[in-house]
**Student:** 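Input: one structure, supplied below.
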Amino acid sequence: MRISTSDFSLRHTLECGQFFRYYPEGNGYFVLAGDKILRLEQSGGRLAVAGKADTDSVKALLGLGDNYPHIISGISKDPFISAAIRQSYGLRLMRQEPWECMISYICSANSSVGKVRFCVNRISENFGKKISFEGREYYGFPRKLDATEKELRECGLGYRAAHLARTLESVSPAEVRRLARLGYQDAKERLMELDGIGDKVADCIALYSLGFPQAFPVDRWVGRVMKEQYIRQKANYRQISSFAAEYFGHYAGYAQQFLFNFRRPGQPATER
DNA sequence: CTCCAGGTTCTGC
DNA sequence: GCAGAACATGGA
């Protein structure tokens with residue numbers, strides 16, 4: 001299957017830190033989305049897709065339905081953000097499976113992108129089903145996860161294992177998916193009732209999987225860059241995110257992703 | 001060995 | 001409500 005695209009960079013979209021389950025291979029990538037696997041390769045405005053998936057679901061996954069020129073012109077408020085956009089032009093916010101996204105970002109607390117990838121892969125290997133694709137074996141992310149704290153520790157989660165174990169008992173995949181029907185504030189509040197989910201993780205889930213582009217996750221790097229470039233003083237989470245909402249507007253989440261990618265140290269592409 | 005990583009929770013004011 | 005400390009783990 002082939003999809004024609006514009007204003008799209010597969011590399012920036014996959015490697016900007018929003019998503020964990022991909023592997024560079026040749027000129028393209030293997031991408032694990034839920035329990036499906038795809039091979040994607042971009043050349044210019046053409047995206048070649050191999051694997052069991054229809055065009056619409058691939059487009060949705062990669063944010064190809066977003067009106068890019070409109071979003072970019074809306075957030076291009078100053079030279080700094082413009083430079084950040086230029087560096088990763090074509091980056092799009094993905095629409096991840098909410099359940100996988102929630103678990104991934106609970107794993108991310110006080111950790112690193114590489115370590116989160118490690119944990120999510122472990123969870124998949126230990127609880128997901130095996131998929132054979134183009135002569136190799138992969139593991140899909142589990143549709144349901146009935147894991148004990150001990151089993152989660154064995155996946156490398158450390159103290160986060162206890163939080164995730166409690167959250168797994170209190171919410172189902174369908175309930176997490178259903179949060180997309182609520183408003184942003186209500187969905188975020190509901191997420192923050194769950195163990196291991198605070199402001200930042202809730203915003204990541206809202207932005208990367210529930211389709212709320214106004215969510216503005218403030219992690220170490222985004223906090224740093226916002227204080228260095230925009231606020232010029234100490235500021236807590238609420239102050240930074242409300243500034244961002246007012247300054248960048250409805251698509252503040254896109255601004256956040258460009259800023260995160262601009263400010264954090266360069267990440268090498270993951271090997272298989 | 002020490003420091004850091006896409007924070008959250010618990011504690012004490 | 002807000003600041004500080006504690007928290008497992010792997011990589012640099």
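In what follows, chains are A, B, ... by sequence order, proteins preceding strands, each numbered from 1. Computation of the quantities below employed the complete heavy-atom set of this structure, encompassing side-chain atoms and omitting hydrogens, waters and symmetry-equivalent molecules.
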**Student:** Nearest whole Å is fine: how far is B/dG6 C1' from A/Ile240 CD1?
**Tutor:**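 For the pair A/Ile240 CD1 and B/dG6 C1', the rounded distance is 14 Å.
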
**Student:** Counting the atoms with a prime plus P, OP1 and OP2 as sugar-phosphate, which does A/Leu157 contact under 4.0 Å by heavy atoms, base, sugar-phosphate, or nothing?
**Tutor:**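 Here A/Leu157 touches no strand at all.
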
**Student:** So does A/Tyr237 reach the base of B/dG7 with its side chain, donor to acceptor, closer than 3.5 Å?
**Tutor:**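 For A/Tyr237, whose side chain was compared with the base of B/dG7, there is no donor-acceptor pair (under 3.5 Å).
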
**Student:** Go through DNA chain C in 5' to 3' direction and return only the first and the last nucleotide with some atom under 4.0 Å of chain A's heavy atoms.
**Tutor:**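 For DNA chain C, the relevant span reads C/dC2 to C/dG10.
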
**Student:** Once you round it to whole Å, what is the distance between P of B/dG6 and CG of A/Asn261?
**Tutor:**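 Computing the A/Asn261:CG to B/dG6:P distance gives 12 Å.
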
**Student:** Please report, rounded to the nearest Å, how far the P atom of B/dT8 is from the CD atom of A/Glu193.
**Tutor:**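 After rounding, the reported distance stands at 15 Å.
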
**Student:** Quick one: label A/Val222 by what it contacts on the DNA or RNA (base, sugar-phosphate, nothing), any heavy atom closer than 4.0 Å.
**Tutor:**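 Contact class for A/Val222: base.
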
**Student:** What is the distance, rounded to the nearest whole Å, between atom OH of A/Tyr159 and atom C1' of B/dC10?
**Tutor:**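 Atom-to-atom, A/Tyr159 to B/dC10, this comes out as 13 Å.
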
**Student:** Heavy-atom nearest nucleotide on DNA chain B for A/Met192 versus A/Arg264: which residue maps closer to 5'?
**Tutor:**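 In this pair, the answer is A/Arg264.
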
**Student:** What does A/Gly196 touch in the nucleic acid at a heavy-atom separation under 4.0 angstrom: a base, only the sugar-phosphate, or nothing?
**Tutor:**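 Sugar-phosphate contact only - A/Gly196 comes under 4.0 Å of backbone atoms but never of a base.
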
**Student:** Would you tell me if any nitrogen or oxygen in the side chain of A/Arg220 comes within less than 4.0 Å of OP1 or OP2 on B/dT8?
**Tutor:**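 Result: no.
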
**Student:** Any idea which of B/dA5, B/dG7, B/dG6 is nearest the A/Arg224 side chain?
**Tutor:**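 The answer is B/dA5, which lies nearest to the side chain.
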
**Student:** Kindly assign one of parallel, tilted or perpendicular to the pair A/Tyr159 and A/His163, based on the angle between their ring planes and the thresholds 30° and 60°.
**Tutor:**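 The arrangement is perpendicular - the two ring planes meet at more than 60°.
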
**Student:** Under 3.5 Å, is there a donor-acceptor pair between the A/Gln256 and A/Tyr251 side chains?
**Tutor:**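 Looking only at side-chain atoms, A/Tyr251 and A/Gln256 do not form any donor-acceptor pair under 3.5 Å.
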
**Student:** Any salt bridge between A/Arg136 and A/Glu25, counting N to O under 4.0 Å?
**Tutor:**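 Looking at A/Glu25 together with A/Arg136, the answer is yes, because their closest N to O distance falls below 4.0 Å.
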
**Student:** Which part of the nucleic acid does A/Glu154 contact within heavy-atom distance under 4.0 Å: base, sugar-phosphate only, or nothing?
**Tutor:**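 Counting heavy atoms under 4.0 Å across all strands, no contact is made by A/Glu154.
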
**Student:** Rounding to an integer number of angstrom, what distance separates C/dA6 and B/dG6 when you compare their P atoms?
**Tutor:**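 23 Å, rounded to whole Å.
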
**Student:** Does a side-chain heavy-atom distance below 4.5 Å link A/Phe260 with A/Gln18?
**Tutor:**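 The answer is no; the side chains never approach within 4.5 Å.
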
**Student:** Can you tell me how far P of B/dT8 sits from CG of A/Leu164, to the nearest Å?
**Tutor:**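 Rounded to whole Å, this separation is 14 Å.
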
**Student:** Quantified in whole Å, what is the P atom distance between nucleotide C/dA8 and nucleotide B/dT11?
**Tutor:**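 About 14 Å, rounded to a whole number of Å.
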
**Student:** Is it the case that more than 12 heavy atoms not belonging to A/Arg143 sit under 6.0 Å from its CZ atom?
**Tutor:**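 Open.
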
**Student:** Could you give the CE-to-P distance, from A/Met94 to B/dG6, as a whole number of Å?
**Tutor:**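 After rounding, the reported distance stands at 18 Å.
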
**Student:** Which part of the nucleic acid does A/Leu194 contact within heavy-atom distance under 4.0 Å: base, sugar-phosphate only, or nothing?
**Tutor:**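 Counting heavy atoms under 4.0 Å across all strands, the contact made by A/Leu194 is with sugar-phosphate only.
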
**Student:** Answer yes or no: is there an ion pair linking A/Arg177 with A/Glu97, defined by an N-O contact shorter than 4.0 Å?
**Tutor:**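 Counted as a salt bridge, because a side-chain N and a carboxylate O are separated by less than 4.0 Å.
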
**Student:** Under the criterion of centre distance below 5.5 Å and interplanar angle below 30°, is A/Tyr105 classified as stacked on the base of B/dG6?
**Tutor:**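 No, A/Tyr105 does not stack on the base of B/dG6, since the centre distance and plane angle fail the 5.5 Å and 30° test.
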
**Student:** So which one's nearest nucleotide on DNA chain B is more toward 5', A/Ser111 or A/Asp199?
**Tutor:**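 The residue mapped nearer the 5' terminus is A/Ser111.
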
**Student:** How is A/Arg263 classified with respect to the nucleic acid when contacts are heavy atoms under 4.0 Å: base, sugar-phosphate, or nothing?
**Tutor:**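 No contact.
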
**Student:** Which part of the nucleic acid, if any, lies within contact of A/Arg160, taking any heavy atom under 4.0 Å across all strands shown: a base, the sugar-phosphate backbone alone, or nothing?
**Tutor:**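 The answer is base, as A/Arg160 lies within the cut-off (heavy atoms under 4.0 Å) of a base atom.
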
**Student:** Taking CG in A/Asp146 as the centre, count heavy atoms belonging to other residues, nucleotides or ligands within less than 6.0 Å. Is the count above 12?
**Tutor:**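 Check fails, neighbour count at 12 or below.
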
**Student:** Where does the angle between the aromatic ring planes of A/Tyr89 and A/Tyr68 fall among parallel (under 30°), tilted (30 to 60°) and perpendicular (over 60°)?
**Tutor:**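 Rings of A/Tyr89 and A/Tyr68: perpendicular, as their planes differ by over 60°.
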
**Student:** Round to a whole Å and report the spacing from CE of A/Met102 to C1' of B/dG7.
**Tutor:**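 Answer to the nearest Å: 16 Å.
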
**Student:** Provide, to the nearest angstrom, the distance between the NZ atom belonging to A/Lys200 and the P atom belonging to B/dG7.
**Tutor:**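 To the nearest whole Å, that distance equals 5 Å.
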
**Student:** Counting only distance, no hydrogens or angles, is the base of B/dG6 paired donor-acceptor with the side chain of A/Tyr208 under 3.5 Å?
**Tutor:**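 Indeed there is one.
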
**Student:** Taking the basic N atoms (NZ, or NE/NH1/NH2) and the acidic carboxylate oxygens, is any pair closer than 4.0 Å for A/Arg190 and A/Glu193?
**Tutor:**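 Yes, this pair counts.
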
